[in-house]
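Quick note: numbers below take in every heavy atom, side chains included, and nothing from hydrogens, waters or symmetry partners.
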Amino acid sequence: MSSGASAMGNSRVGNRRSSHDVAPPRRAHARGVKLRYLDRLMQSQWVKLIAGASFEDAPQIRNLAFIYASVGVDCIDVAANPSVVRATVEGIDAAMDTGSVHARPLLMVSVNDDESDPHFRKAQLTQAAMCPADCTQPCVRVCPADAISSERAVGATSVRVSEAQCYGCGRCFPACPHGLIEAASYRRTASDTAQLIRSHAVDALEIHTTGLDDGESIRQMWQDLGCHEHLKLLAVSLPETALPLIPRLNDILSANASPDMVRVWQLDGRPMTGDVGHGAARDAVSLARTAFDRNLIPAGHFVQLAGGTNDATRRYVEKHDGLISRLGGVAFGGYARKAVKDALGASSCERIEEDEAAMAEALQAAGNVVDSWRRRR
Ligand code: SF4
Ligand code: SF4
């Protein structure tokens with residue numbers, strides 16, 4: 001994996017304004033709202049929408065936020081990019097303005113402590129001009145985000161990756177028979193993230209770690225952030241290999257966490273595969289089972305499933321006796337985005353609520369996503 005984009009940080013796609021330009025949401029969180037998301041976690045009913053740590057298409061994110069806020073998700077997790085945060089606030093505000101949303105979802109941003117987490121990468125072409133004219137373009141077909149476009153010319157094909165739309169799933173890397181697509185990994189900087197958090201638009205932070213350096217980089221990032229008092233909720237997302245580090249990471253993060261900060265461990269089964277099929281849902285469930293069996297989750301903290309989660313997740317959870325009551329809930333990424341993709345994509349309206357038919361279709365699909373987790377309680 002290339003690390004050529006390591007300096008991208010927050011100065012990436014659509015980020016031409018200062019972080020200070022992010023306006024706070026129009027409504028402050030009332031105490032009752034806090035109790036709502038806490039209640040949801042305590043009752044295993046919490047549902048988070050993952051818009052994508054690297055997905056930076058602000059207009060699409062605005063409409064995703066509107067739709068999923070409208071169907072009652074508890075949290076919307078987006079890239080730590082000022083344009084994306086602004087779009088998310090706008091989408092949530094529009095949903096709240098309908099008067100039918102009972103509790104404003106938390107706005108979370110995701111960051112990484114090093115470049116090894118696959119959520120923080122973009123596809124890039126190594127030699128765009130070299131695509132053979134007779135290539136059948138499997139890269140275009142496998143991309144779930146429609147991020148790759150092509151243009152045929154005499155003797156060659158010109159291919160382009162939309163940096164804003166690519167969320168780093170990695171499916172195009174092996175799809176190219178000529179090896180012309182590579183990963184460009186990057187790291188969100190603590191200082192840019194701190195500015196976003198201080199803007200009061202952001203309620204929650206998720207730090208992705210693979211635990212490569214025994215927690216040293218997460219300690220450094222947490223220390224450099226220096227605005228812990230602004231956060232209502234802190235989550236850590238980690239893969240199976242980092243599970244044994246949970247007690248150490250907890251010690252590191254607890255040093256500066258306020259006592260009433262809600263703490264969540266996101267167990268990332270098979271990253272960015274929720275839209276692939278039901279089998280993907282098993283890994284996150286078995287990861288949770290392992291974490292509980294080894295007694296790794298600190299008392300009072302919550303566990304959220306992610307990485308391959310979809311409408312089969314609840315069924316797999318229920319195969320394990322008593323597991324559901326030990327979970328805070330679930331995070332849906334690719335599965336949730338795919339569910340509403342056609343409805344949102346078919347509309348020519350910038351604001352989805354201006355297209356009643358498309359909005360109704362998207363709300364129905366998004367409601368089914370949320371119900372796939374909550375309805376069986
Ligand atoms: S397939 Fe995945 S990694 Fe490749 S361009 Fe599309 S979103 Fe990006
Ligand atoms: S699969 Fe590879 S060679 Fe073919 S169009 Fe895509 S990037 Fe070019």
Side-chain angles (χ1 to χ4, degrees), residues 23-51 61-78 85-109 200-206 230-235 260-264 302 304-306 309 311 313-314 324-325 327-333 335-337 339-340 343-344 351-356 358-377:
R26 279 182 262 143
R27 291 180 182 78
H29 281 273
R31 179 165 171 72
V33 173
K34 174 172 180 179
L35 290 176
R36 176 66 171 260
Y37 67 77
L38 201 49
D39 277 354
R40 284 262 172 76
L41 282 163
M42 293 174 79
Q43 294 166 12
S44 313
Q45 293 275 290
W46 160 274
V47 176
K48 180 178 89 168
L49 167 70
I50 303 174
I61 290 166
R62 185 257 178 222
N63 284 336
L64 268 177
F66 173 84
I67 292 295
Y68 276 96
S70 298
V71 297
V73 295
D74 303 296
C75 182
I76 298 180
D77 176 6
V78 299
V85 170
R86 270 194 296 276
T88 309
V89 169
E90 190 188 320
I92 295 174
D93 280 346
M96 298 305 295
D97 285 346
T98 64
S100 57
V101 182
H102 301 305
R104 187 182 183 91
L106 297 179
L107 199 164
M108 171 185 279
V109 292
H200 299 285
V202 172
D203 306 296
L205 177 73
E206 182 162 277
H230 291 270
L231 294 170
K232 298 177 175 71
L233 184 148
L234 173 66
D260 59 350
M261 185 187 283
V262 176
R263 302 284 299 277
V264 174
F302 297 97
Q304 165 189 276
L305 303 178
T309 46
D311 54 336
T313 300
R314 181 78 189 215
I324 183 67
S325 61
L327 296 171
V330 71
F332 289 128
Y335 162 60
R337 296 193 299 272
V340 298
L344 297 186
R351 296 181 174 86
I352 191 63
E353 62 271 32
E354 290 166 0
D355 182 335
E356 276 189 32
M359 178 180 70
E361 190 183 334
L363 288 173
Q364 176 70 48
N368 291 342
V369 168
V370 173
D371 284 352
S372 77
W373 179 257
R374 287 187 186 149
R375 68 185 166 190
R376 299 184 198 180
R377 291 283 301 170

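Atoms CD1 and CG, on I352 and L64 in that order, are 10.0 Å from each other to the nearest 0.5 Å. Summarising the geometry, atom CZ belonging to R351 is positioned 14.0 Å from atom CE belonging to M359; distances are rounded to the nearest 0.5 Å. Taken to the nearest 0.5 Å, the CG atom of D311 stands 11.5 Å off from the CG atom of D371. Atom CD of E361 is separated from atom CD1 of I67 by 10.0 Å, given to the nearest 0.5 angstrom. Atom OG1 of T313 and atom CG of L305 lie 7.0 Å apart (nearest 0.5 Å). The structure places CE of M96 at 10.0 Å from NE2 of H102, a figure rounded to the nearest 0.5 Å.
A cation-pi arrangement is present between R314 and W373 under the rule of less than 6.0 angstrom and at most 45 degrees off the ring axis.
In this structure, the side chain of S70 engages the main chain of F66 through a donor-acceptor pair within 3.5 Å. For S44 (side chain) and G329 (main-chain N/O), no donor-acceptor pair under 3.5 Å exists by modelled atom type. Checked by atom type and distance alone, the side chain of R337 pairs as donor or acceptor with a backbone atom of I50 at under 3.5 Å.
A 4.5 Å side-chain heavy-atom check between R374 and V47 finds at least one atom pair inside the cut-off. You'll find the side chain of L41 reaches within 4.5 Å of the side chain of L233, heavy atoms only. The side-chain heavy atoms of M108 and K48, taken from C-beta on, include a pair separated by under 4.5 Å. Between F332 and V73, the closest side-chain pair of non-hydrogen atoms is not below 4.5 Å. Using a 4.5 Å heavy-atom threshold, the side chains of L231 and D203 count as separate. Annotation: side chain of W46 is in contact with side chain of Q304 (closest heavy-atom distance under 4.5 Å).
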Given the rule in the side-chain contact (heavy atoms from CB on, under 4.5 Å) test, do K232 and V262 qualify, once you have shown the distances and angles that lead to the verdict? CA-CA 6 Å; K232 298 177 175 71; V262 176; over 6 Å; no

V85 vs V202, side-chain contact (heavy atoms from CB on, under 4.5 Å): CA-CA, chis, key distance, verdict: CA-CA 8 Å; V85 170; V202 172; 4.2 Å; yes

Assess whether side-chain contact (heavy atoms from CB on, under 4.5 Å) is satisfied between V109 and L205, documenting all intermediate values. CA-CA 5 Å; V109 292; L205 177 73; 3.9 Å; yes

Evaluate the salt bridge (Lys or Arg N to Asp or Glu O under 4.0 Å) criterion for residues R104 and D93: first the C-alpha distance (whole Å), next the side-chain angles of each, then the deciding distance (0.1 Å), finally the verdict. CA-CA 9 Å; R104 187 182 183 91; D93 280 346; 3.0 Å; yes

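For V340 against A362, the heavy-atom pair with the smallest separation is CG1-O, 3.6 Å. Nearest approach of V101 to A69, heavy atoms of both residues: CG1-O, 3.5 Å. Across Y335 and T309, no two heavy atoms sit closer than the pair CB-O, 3.5 Å. Closest of all the heavy-atom pairs between L363 and V71 is O-CG1, 3.6 Å. Closest approach of Q45 and D74 over heavy atoms only: O-OD2, 3.7 Å. What you find for A336 and V369 is that their closest heavy atoms are CB-CG1, 4.1 Å.
Counting heavy-atom neighbours within 6.0 Å of E354 CD, excluding the residue itself, gives a total above 12.
In this view, A65 and I76, T88, I92 satisfy the side chain to side chain contact (heavy atoms under 4.5 Å, CB included) rule, not counting sequence neighbours. With sequence neighbours left out, R62 forms a side chain to side chain donor-acceptor pair (under 3.5 Å) with E90, E353.
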